[in-house]
Amino acid sequence: MADYDYDVLVIGAGPGGYVAAIRAAQLGLKTACAEARETLGGTCLNVGCIPSKALLHASELYEEAHSGALAKWGVKIEGATLDLSTMHGEKAKAVKELTGGIEFLFKKNKVEWLKGHAKFAGKDAVDVAGRTVRAKNIVIATGSSVTTLPGIAIDNEVVLDSTGALALPQVPGHLVVIGGGVIGLELGSVWKRLGAKVTVVEYLDQILPGMDEEVRRESAKIFKKQGFELRTGTKVTGVERAGSTAHVTVEPAEGGPAEVLEADAVLVAIGRRPNTDGLNLEAAGLRVNNRGQVEVDHDFATAVPGVWAIGDATPGPMLAHKAEDEGIAVAENIAGLTGIVNHAVIPAVVYTNPEIAGVGLTEEQAREAGEVKVGKFPFAANSRAKTNRDTDGFVKVIADAKTDRVLGVHIVSSLAGTLIAQAAQAMEFGATSEDIAYTCHAHPTHSEAMKEAAMAVTGKPIHI
Ligand code: FAD
Ligand code: NAI
């Protein structure tokens, strides 16, 4: 250690970086974490997962109270009104408590927070806000940032990125969302529930790329029923700010007549790009791939010994829990243990209502790989969902036709995000559909739909 300031220096304190730093320190390594933001927690805690889920929760409460939806249960609320600044205040409290919690965990575990922007000064040296530190191991966990369309400038007043859309001071009359992916649908849901008309413009012919086709179709049906205008197969060719509004020019993706949508706010949600510019990777002898990502091997090691990378800055889904698991694994590998992430079993959840969740292969991917059996069970036949008057969606279990091993599970349901954990655990344990079908599930719960979908793989569900 004589020559080094630290055993491990992590760059970035998002879910990947802060978890890597804490685990490295727990394993007895002298650890520091460089973070340019004023608070720890990265995109996820500051401007991502946490504030978006706070607004999704709050807007759902408002909608339930305001729309009269509770009246069918005899709960009559008259004159429910929206106090948006209180809603933002509660969101800010959640963010502050959680980011402060990471600061506490750093202190508790003796992780040193180096405040400021970090860039490589060599293979084992990094400049952080003018100070050069040397570390035996350096973990790149710099995450990702918003991408915009060429020629469209984000001003976060009228033309917004996700951060702007989490902080709007008033409900826009008409919100045009560019991109029918996760951010577009989650934040579109927030403002729709709070009273905006929401139009989603998606280039592809279906929303939610990458998800199971049947799930994509079912979700689109539900969003339309909720009043979203979904303009799929449509591209945006320009956004022009006009005072406090914007003109969004769209045309069919395959070409055709243009049309102008008048918007009070435009959310650009067409994906994110890794934060690898400005890291001076050349000084470490590293190069990025053509998507700007740092390539890693199975152990999260880069091409340069002693330099590692995890999370959104590397290939794979841009998800907080993927980054966290990689954070633990990379620290364990640095410490000489065996850190592994099973990238075949990473759940993904869209926190709309209903939620949309999946793990493993989509039906299309599974069929391409071999012969499969598929079991499906609708929530319309699940007693708890029926009791709660909450019957949108289904569970689909995809199993290998020969071995019965579960290859993928996809769920549309108000509780999909919670239910998918069971599927991920079953798959991690190499479960068959029969294993799930013969596991006792409590009654009455939404989880019984998972059991019944597994029973349907062999064509023998009870309640349908
Ligand atoms: P990040 O969280 O991006 O953290 C990287 C950190 O590194 C940042 O704080 C940055 O300031 C810092 N940094 C970068 N470069 C430097 C440098 N050179 N020097 C010092 N510091 C640097 N994922 C989910 O799983 N569930 C969700 O519900 C969810 N919701 C989301 C909602 C929104 C609106 C957004 C935008 C994203 C959401 N995500 C969600 C994605 C999730 O936020 C990311 O996948 C996750 O944060 C990635 O973690 P990370 O550690 O790789 O990077
Ligand atoms: P995304 O990749 O989910 O969706 C972007 C959408 O924009 C795609 O459907 C794409 O086809 C469309 N698109 C691209 N260019 C377009 C154009 N020119 N015109 C119209 N549509 C266009 O990206 P998004 O929603 O920005 O989210 C970024 C990342 O953040 C995602 O990778 C996601 O993993 C992560 N995230 C995760 C959440 C979760 O786990 N619940 C919540 C929010 C974000």
Side-chain angles (χ1 to χ4, degrees), residues 1-25 29-48 95-96 99-146 154 156 161 163 272-288 292-294 296 300-314 323 327 330-331 334:
M1 255 295 277
D3 291 329
Y4 294 112
D5 300 296
Y6 303 101
D7 294 312
V8 182
L9 169 64
V10 182
I11 308 178
Y18 84 71
V19 168
I22 291 173
R23 176 60 108 224
L29 301 168
K30 188 177 180 206
T31 306
C33 182
E35 171 57 59
R37 241 179 246 278
E38 289 300 307
T39 47
L40 301 172
T43 304
C44 180
L45 274 64
N46 288 284
V47 290
V95 168
K96 190 162 182 246
T99 56
I102 309 301
E103 209 173 326
F104 164 79
L105 291 173
F106 269 18
K107 284 188 187 130
K108 178 179 163 203
N109 288 285
K110 303 195 170 39
V111 174
E112 197 179 329
W113 174 8
L114 307 180
K115 296 188 185 182
H117 182 89
K119 57 178 198 244
F120 279 92
K123 283 184 192 346
D124 58 5
V126 170
D127 282 342
V128 187
R131 172 184 162 207
T132 302
V133 291
R134 291 191 64 213
K136 198 168 174 188
N137 294 280
I138 298 171
V139 181
I140 300 168
T142 48
S144 63
S145 303
V146 172
I154 306 285
N156 273 335
D161 59 18
T163 304
R272 295 174 60 82
R273 62 183 169 76
N275 291 329
T276 48
D277 296 344
L279 259 181
N280 197 24
L281 288 172
E282 312 74 52
L286 262 180
R287 258 186 290 179
V288 292
Q293 299 157 327
V294 181
V296 287
F300 309 100
T302 69
V304 176
V307 181
W308 314 73
I310 55 170
D312 282 12
T314 63
V330 76
I334 289 171

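None of the values given here were measured: they were computed from a predicted structure.
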Problem - Pair Ile11-Phe120, side-chain contact (heavy atoms from CB on, under 4.5 Å): steps then yes or no - result: CA-CA 10 Å; Ile11 308 178; Phe120 279 92; 4.1 Å; yes
Practice task
Start with the C-alpha distance between Lys136 and Leu29, add both sets of side-chain angles, then the distance that settles side-chain contact (heavy atoms from CB on, under 4.5 Å), and finish with yes or no.
Solution key: CA-CA 10 Å; Lys136 198 168 174 188; Leu29 301 168; over 6 Å; no
Practice task
Would you please say whether a donor-acceptor pair under 3.5 Å links the side chains of Asn275 and Ser144?
Solution key: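 No, no side-chain donor-acceptor contact under 3.5 Å.
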Just by distance, do the side chain of [X] and the backbone of [Y] share a donor-acceptor pair under 3.5 Å?
{"X": "Asn156", "Y": "Asp161", "value": "yes"}
{"X": "Thr163", "Y": "Val47", "value": "no"}
{"X": "Thr99", "Y": "Gly41", "value": "no"}

Practice task
Would you check if Glu112 and Thr31 make a side-chain contact, meaning some heavy-atom pair closer than 4.5 Å?
Solution key: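 Side-chain contact under 4.5 Å: no.
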Practice task
Measure the shortest side-chain to side-chain distance between Tyr18 and Leu40 over non-hydrogen atoms and say whether it is less than 4.5 angstrom.
Solution key: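 Side chain of Tyr18 against side chain of Leu40, heavy atoms only: no contact under 4.5 Å found.
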Exercise for the section: Could you go through the side-chain contact (heavy atoms from CB on, under 4.5 Å) check for Ile22 and Phe106 one step at a time? Expected result: CA-CA 7 Å; Ile22 291 173; Phe106 269 18; 4.0 Å; yes
Practice task
Carefully, step by step, assess Arg134 and Asp124 under the rule salt bridge (charged side-chain N to carboxylate O under 4.0 Å, His left out).
Solution key: CA-CA 6 Å; Arg134 291 191 64 213; Asp124 58 5; 2.7 Å; yes
Exercise for the section: Search all heavy atoms of Ile138 against all heavy atoms of Lys123 and return the closest pair with its distance. Expected result: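 Smallest heavy-atom distance, with atoms named: CD1-O, 3.7 Å.
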Problem - Ile140 and its side-chain contact (heavy atoms from CB on, under 4.5 Å) partner, picked from Val330, Ile310, Leu286 - result: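 One option only clears the test, and that one is Leu286.
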Handout entry: From Asp7 atom CG to Leu9 atom CG, the distance as rounded to the nearest 0.5 Å
Key =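 Separation between the atoms: 11.0 Å.
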Practice task
Kindly write out the residues that satisfy disulfide (SG to SG under 2.5 Å) with Cys33, not counting sequence neighbours, or none if the list is empty.
Solution key: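 Cys33: no disulfide (SG to SG under 2.5 Å) contacts found.
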